[in-house]
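Below is one structure, written out as structure tokens; comments come after it.
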There are 2 protein chains.
Amino acid sequence: MEPPAIKSRNTRQRAVILDILRQTKAHPTAEGIYHEARKTLPNISLGTVYRNLNFLRGQGLAREIRPHNESSSRFDCNSHPHAHFHCRQCNGMTDLPLPPSLGASDWEKERVSRVDFVDLLVLGSCAGCAPQPGPQN
Amino acid sequence: MEPPAIKSRNTRQRAVILDILRQTKAHPTAEGIYHEARKTLPNISLGTVYRNLNFLRGQGLAREIRPHNESSSRFDCNSHPHAHFHCRQCNGMTDLPLPPSLGASDWEKERVSRVDFVDLLVLGSCAGCAPQPGPQN
DNA sequence: GTAATTGCAAAAGATTTGCCCCATT
DNA sequence: AATGGGGCAAATCTTTTGCAATTAC
């Protein structure tokens, strides 16, 4: 039988928010999405942005990332499993492929029974910020 | 020459907080540490707990973990690189070894210049909560 | 017409901070 | 005695929520 199919409406606000997410790779915060959305919908409220981000997250259409050194969550709408890289110098965040070894569930079987989700965040410096790679450079 | 050596005092509060972290594997929240500390120091304040956790973090003696489905950070004082597993059923959090492939810096060299820290959080069910492993079980 | 969704503003929750006093050094 | 750190309370910041009005269906 079909899943209960959550009732939802295609509001302009929701479409604009999803569109913003789809057109950026910057992993914006709710506030950032709000400011961007205001360009199209000058009356949209921050609460609506949060509500829609939560809705989209529930639908599997958006993902929330919690940075280490920033107090606000960031969001993206890349639904393929992936990791994130956060440059501590320019604060830029980019997607990273998830290492294959993490896809397989080769975790300690004694304590982990089932893996639902793998959240991997790498902190460091991006190529633009630290042109000469090397330890302690 | 010696590093500037941050001035700090061995207060009873700081010692108690560090002790609590060292004696548990539960990855408690600041609030949890606060309640535990009150058993020894009935007048300790939550602000002091936060200030000390931040201090210890700065010293590399404590680590902050931001769970996915809980609004409060959790803390541990295991200074060896490691990952975390969070059971979504019982909310228990345990340490996990960091897969060796993540220790090496075999990330996309084009965008990542230097890796400082790898934060890996695995979500799922622990053995106690889901005795029969298997997909969608 | 019905009810999901919005805007607004207030509330909630977590963490930080100012200030004055106390305790470690 | 000097000053880092504590207690308390207020402030800050992010996210959630109640409610009346709106709008997609």
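What you see is a predicted model, and the numbers here were worked out from it, not measured in a lab. Excluded from the calculations below are hydrogen atoms, water molecules and symmetry mates; all remaining heavy atoms, backbone and side chain alike, are included. Protein chains get the first letters and strands the later ones, always in sequence-line order, with residue 1 at the start of each.
Contacts of A:Arg51 with the nucleic acid, taken as non-hydrogen atoms under 4.0 Å apart, include base atoms. B:Ser45 comes within contact range of at least one nucleobase, with a heavy-atom separation under 4.0 Å.
A donor and an acceptor atom, one from each side chain of B:Gln13 and B:Thr48, are nowhere located under 3.5 Å apart.
A close approach under 4.0 Å does occur between a side-chain nitrogen or oxygen of A:Ser73 and OP1 or OP2 of D:dT15. The side chain of B:Asn10 contributes no N or O atom lying less than 4.0 Å from OP1 or OP2 of D:dG4. Phosphate contact (OP1/OP2 of C:dA4, side-chain N/O of A:Ser8, threshold under 4.0 Å): absent.
Closest approach to the B:Arg9 side chain among C:dT15, D:dG6, D:dA2 is made by D:dA2 (side chain taken as heavy atoms from C-beta onward). When distances run from any side-chain atom of A:Asn54 to the nucleotides D:dT16, D:dT15, C:dT16, the shortest one goes to D:dT16. In the set C:dA14, D:dT14, C:dT5, the nucleotide with an atom closest to the side chain of A:Ser72 is D:dT14. Candidate nucleotides D:dT15, C:dT5, C:dT15 were compared by shortest atom distance to the side chain of A:Thr11, and C:dT5 ranks first. Of the candidates D:dG4, C:dT15, D:dC8, the closest approach to any side-chain atom of B:Tyr50 belongs to C:dT15.
Checked against A:Tyr34 for a side-chain hydrogen bond (donor to acceptor under 3.5 Å, both in side chains), the options A:Glu36, A:Glu31, A:Arg38 give a single hit: A:Arg38. With B:Asp76 as reference, B:His84 is the one residue of B:Arg63, B:Arg22, B:His84 to meet the side-chain hydrogen bond (donor to acceptor under 3.5 Å, both in side chains) rule.
Atoms CG (A:Leu41) and P (D:dT22) sit 17 Å apart, rounded to a whole Å. The separation between A:Ile17 atom CD1 and C:dG7 atom C1' is 13 Å, rounded to whole Å. If you take CG of B:Leu53 and C1' of D:dG5, they are 15 Å apart, rounded to a whole angstrom. Between the CD1 atom of B:Ile33 and the P atom of C:dT15 there is a distance of 10 Å, given to the nearest Å. Residue A:Phe55 contributes atom CZ, which lies 18 Å from atom C1' of D:dT17 at whole-angstrom precision. Separating the CZ atom of A:Arg66 from the C1' atom of D:dT14 is a distance of 10 Å, rounded to the nearest angstrom. Counting to the nearest Å, the C1' atom of D:dT12 and the CG atom of B:Leu46 are 15 Å from each other. Rounding to whole angstrom units, CG of residue A:Asn69 and P of C:dT15 are separated by 15 Å.
Nearer the 5' end of DNA chain C, as judged by each residue's closest nucleotide, is the contact made by A:Gln13, out of B:Thr29 and A:Gln13. Each of B:Thr48 and A:Asn43 was assigned the nucleotide of DNA chain C with the nearest heavy atom; the assignment lying further toward the 5' end belongs to A:Asn43.
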- request: Check the pair B:Arg66, B:Asp119 against side chain to side chain contact (heavy atoms under 4.5 Å, CB included), reporting the backbone distance first and the verdict last.
  value: CA-CA 10 Å; B:Arg66 307 188 83 181; B:Asp119 183 19; over 6 Å; no
From CA spacing to verdict: side-chain hydrogen bond (donor to acceptor under 3.5 Å, both in side chains), B:Asn54, B:Arg57: CA-CA 5 Å; B:Asn54 284 340; B:Arg57 186 150 50 84; 2.7 Å; yes
